[in-house]
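Below is one structure; the comments refer to it alone.
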Amino acid sequence: MSKNNIIIYGLILVFGIGAPFLFPAYKLQISILWILTILALTWDIQGGQMGYNSFGNILFFGIGMYVCSSVQIGMFFPLSEWTASGGEKTFLHTTSQYFEGFTYGLILAGIIPAIVAALIGYGILGLRGHYFAICTLGIGIAAGEIAGGIELIGAGQGMTVPPWPKGIGGTELRSQFFYYLCFLTVSITFLVIKWIYQTRFGLVLNAIRDNEDKAEAMGIHTMRYKIIGWVVSAFFLGIAGGLMGNMIGYIEPTEIAFAGSTYGVFMVLMAILGGKGTLWGPVIGAAVFHIFKEGFWTFFLGWQYVALGALIIVIVIFFPEGIMGWLREKYPHRFGEVVDEADRTAQVELT
Amino acid sequence: MDFLIFKAPILMVQASMDGILLGLLFALIAYGMALQWGVMNIINIAQGELVIMGGYIAYFMYTAGIHPAFGIIVSPIIMYFVGWFLYKSIINRVVERDLFISILATFGISILTQQLMNFVFGADVVVAQSNFGTTLLFDDSVTLPNAKIFSALVSIVFAVALVLYMKKSRLGRAIRATSQNPRAAKILGVDTEKVYAATFGINAALCGVAGSLIAITFTLHPYVGLPYTVRSFMIVIIAGLGNLPAVALSGVGLGVFEEFADYILGTEFRIAAVFLLLVVILVYRRFKLSKKREYLK
Amino acid sequence: MGIILEVDQVYKHFGGVKANENVSLTVEEGSIVGLIGPNGSGKTTLFNSIVGTHPIDQGSIYFEGREISALPVPAIAKLGLLRTFQQTRIYEKLNCIQNMLVSSKPENDTVYNVFAKIPEELTEKSENLLKFVGLYQKRNLRAGDLSFGQQKLLELAMALMNEPKMLLLDEPTAGINPTLINGIIDRLIKVNKEFGITLLVIEHNMRVIMSLAQKMFCLAHGQLLAEGTPEEIKNDHRVIDAYLGVQ
């Protein structure tokens with residue numbers, strides 16, 4: 001690891017750990033930033049590295065959210081009565097029940113979306129280009145509509161998530177707890193993805209992006225790689241969903257869980273803004289986007305979504321390579337891209 | 001759920017009739033999408049928003065005291081210019097780029113227009129009353145609002161008119177030439193920029209007609225555009241680009257499917273059924289093609 | 001030497017077009033075989049049929065005695081039967097070294113292997129092969145920035161990286177600087193002799209194919225027109241007629 005890298009990772013670690021004390025007022029906002037970073041990072045496995053532009057990764061986020069809270073509740077109370085009664089009014093988790101449920105919930109929130117990804121992957125990832133994009137868009141929206149029709153999980157009204165147990169510290173401890181859990185999750189996600197990109201797997205993803213037919217002709221079972229990639233995305237997205245549901249404390253099908261028009265679009269936009277197909281792009285994109293969103297959102301007073309629409313258009317038209325792409329063009333040597341003119345213009349000789 | 005449907009064939013007749021009339025309207029929107037997809041190779045996610053916008057024009061006329069049925073004349077004219085403006089301001093910058101860029105850009109347009117419509121017309125569900133009355137069939141057991149029959153007929157008229165226009169007119173021929181081979185058309189002196197702008201405009205105008213028909217037959221709401229986009233996308237991938245009878249047939253098929261889904265599963269699952277059908281169709285086609293070791297691209 | 005590839009009465013139609021009609025040919029292990037024929041005679045279609053790009057209508061194809069016509073593309077490639085493309089196919093956003101690394105053949109696709117670090121010696125092997133095709137200086141350039149001819153050489157190197165038993169080359173010298181052609185012939189002979197790879201080569205440049213091949217097949221209108229040694233083919237009037245367009 002180079003000196004620069006140590007400084008960068010060190011700074012992020014210090015910020016990540018110290019943020020709740022340095023910026024206590026923004027604790028929730030920074031927690032959400034970590035969630036957004038997970039969304040962008042995992043989207044980029046498909047959209048950036050593999051060239052499969054998914055509009056449906058929100059599916060796994062939503063499934064994770066519902067699975068997590070359903071497990072949290074269902075382990076101790078009848079789920080249908082909980083949702084029918086509006087949750088905590090009738091039932092209350094003890095401290096140990098809360099954490100036990102939450103642990104199992106979070107684990108399953110990762111595993112079940114990963115299984116779903118594996119099951120639907122073979123069918124869906126066989127589509128290419130815009131057919132894949134539109135198909136995944138359909139899946140994301142269908143999931144929200146279906147969840148909105150299932151009474152057990154509260155249908156369109158949604159369901160509440162078990163509240164923070166009364167016995168231990170108040171809201172302060174709660175937000176601290178979720179903050180560090182988010183930071184831990186995003187750190188693990190980042191490291192896993194970083195490691196993946198350094199292996200043969202990462203190279204194969206890029207090969208699929210550049211020329212899938214060639215990859216197959218070279219003996220690579222591309223479907224296997226595509227599915228594994230999707231499973232990895234789904235796993236971390238699911239956990240992010242479980243965390244998000246618990247932080248908000250309330251789950252609703254189309255606006256929060258399967259929120260295609262907000263988080264579903266944000267993840268694409270953040271990855272593109274930062275520079276898709278790069279490791280750091282989604283991280284930078286998420287930070288810039290979140291700061292922009294939170295900083296300027298209030299100025300727009302109800303015009304936020306108009307601004308969002310305009311932002312999407314401006315970014316894709318004028319900035320499709322994103323911040324990392326722009327930096328790469330400007331400082332190619334920093335990205336290990338040799339621009340040695342002698343090499344570029346050299347004639348091939350075969351003697 | 002509602003097993004009544006199997007006992008009462010008359011309900012099936014009702015659903016089928018509703019579906020057919022609705023499907024023709026879908027086919028009109030899909031035809032616009034096919035035209036523009038074929039010519040510009042762009043999938044317009046904002047197609048549904050253009051429809052809803054067209055509908056709000058008719059609704060606006062209705063609130064101003066004009067009969068909303070005149071929307072089918074006014075709305076396409078206004079929408080043509082909206083489409084033309086969208087092309088000149090945004091679409092022309094993404095038309096040559098990779099498909100994902102254009103999908104995302106039109107997605108941006110879709111969000112933008114939804115919000116603008118929300119500001120102008122509010123978030124309430126609105127209807128423009130046509131007072132066309134209803135037709136009763138089979139001893140009054142099947143009820144068909146005349147507005148639906150009117151909308152189906154108007155859809156047919158506009159679709160046929162467009163086909164004739166594409167065949168006979170100079171611009172129509174230029175559009176068809178561009179869709180077959182843009183480079184050759186350009187070399188032979190077709191102003192492709194103008195053709196693209198006109199195509200996008202014509203597509204928007206068709207959406208305008210469809211929208212004003214929706215305003216009198218169904219309901220309008222700023223956020224219900226996307227299902228129309230998905231419906232037309234589905235129809236186009238089944239029927240192919242530019243084959244009008246096939247488009248009409250798939251439109252009708254989709255309409256009937258939706259009405260049945262509505263009766264059998266319940267209205268709350270109607271939209272879910274539409275989106276799931278999209279997924280099923282795509283995956284089915286994918287498996288069918290993979291037998292030939294090909295793929296949808 | 002046994003027979004490594006046997007194409008037995010293969011038919012492939014596209015709609016009404018008979019791209020391959022009752023084509024049979026055999027390739028001996030360790031040999032270099034040429035496949036010639038006028039444009040549109042079905043040479044590339046035959047390649048596609050062999051490596052499984054599309055299913056064949058009739059007939060069978062055996063690789064090392066094993067029927068492969070029902071196998072998918074990657075499975076056939078894994079058996080050690082690779083092809084290069086007439087229009088080059090490379091991973092344009094990856095640099096040449098990465099193109100080579102991803103082309104190496106892992107022992108097997110277990111999850112452990114997939115997520116393993118790329119071993120150092122592979123980089124060294126890539127560099128050696130790039131030297132072999134004269135692209136060493138370009139190793140850090142993006143493959144998409146190479147010229148067409150250079151991409152062809154890269155594609156050859158990528159195929160060698162995979163260590164196939166047999167290689168189907170689709171016009172290996174098309175688009176390549178004429179001064180390099182002798183070098184390529186020399187390399188291909190080395191590939192055959194030293195690496196022990198059987199070659200089936202589509203080529204339009206008669207000088208190249210005559211100096212490479214020990215045996216040749218000529219296709220015309222999707223059918224096998226003639227086979228024999230280069231000398232026999234050169235003097236076969238049916239072949240000459242086919243090239244000159246005499247029916």
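Sequence lines set the chain letters: A, B, ... in the order given, protein chains first and strands last, and positions in each chain run from 1.
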**Q.** Nearest heavy atoms of Lys214(A) and Arg83(C), plus distance in Å
**A.** NZ-O, 4.4 Å
Q) Looking at CG of Asn162(C) and CD1 of Ile220(A), how far apart are the two atoms once the value is rounded to the nearest 0.5 Å? A) 8.5 Å
Q) If you tally heavy-atom pairs under 4.5 Å against chain A, which of Lys138(C), Gln98(C), Met158(C) wins? A) Lys138(C)
Q) Which heavy atom of Arg200(A) sits nearest a heavy atom of Val102(C), and at what distance? A) NH1-O, 3.5 Å
Q: Just give me the residue among Thr222(A), Ile208(A), Asn206(A) that pairs up with chain C most often, heavy atom to heavy atom, under 4.5 Å.
A: Asn206(A)
Q.
Among residues at least two apart in sequence or on other chains, which ones pass ring-ring contact (aromatic ring centres under 6.0 Å, His included) with Phe85(C)?
A. none
(Q) Is it true that, when you exclude Glu321(A) itself, more than 12 heavy atoms of the residues, nucleotides or ligands shown sit nearer than 6.0 Å to its CD? (A) no
Q: Indicate the atoms forming the closest heavy-atom contact of Ile90(C) with Asn211(A), along with that distance.
A: O-CB, 3.9 Å
Q | Most contacts with chain A, counted as non-hydrogen pairs under 4.5 angstrom, among Leu180(C), Asp145(C), Thr84(C), Leu79(C) | A | Leu180(C)
**Q.** Heavy-atom pair of closest approach, residues Ala77(C) and Ala217(A)
**A.** CB-O, 3.3 Å
Q) Which atoms form the tightest heavy-atom contact between Asp210(A) and Glu92(C), and what is the distance? A) OD2-N, 3.3 Å
(Q) Counting neighbours of CZ on Phe132(C) that are heavy atoms of other residues, nucleotides or ligands and sit closer than 6.0 Å, is the number greater than 12? (A) yes
(Q) As an exercise, state the distance from CE of Met161(C) to CE of Met218(A), rounded to the nearest 0.5 Å. (A) 9.5 Å
Q: Measure across Lys117(C) and Thr199(A) and return the closest heavy-atom pair with its distance rounded to 0.1 Å.
A: N-CG2, 4.4 Å
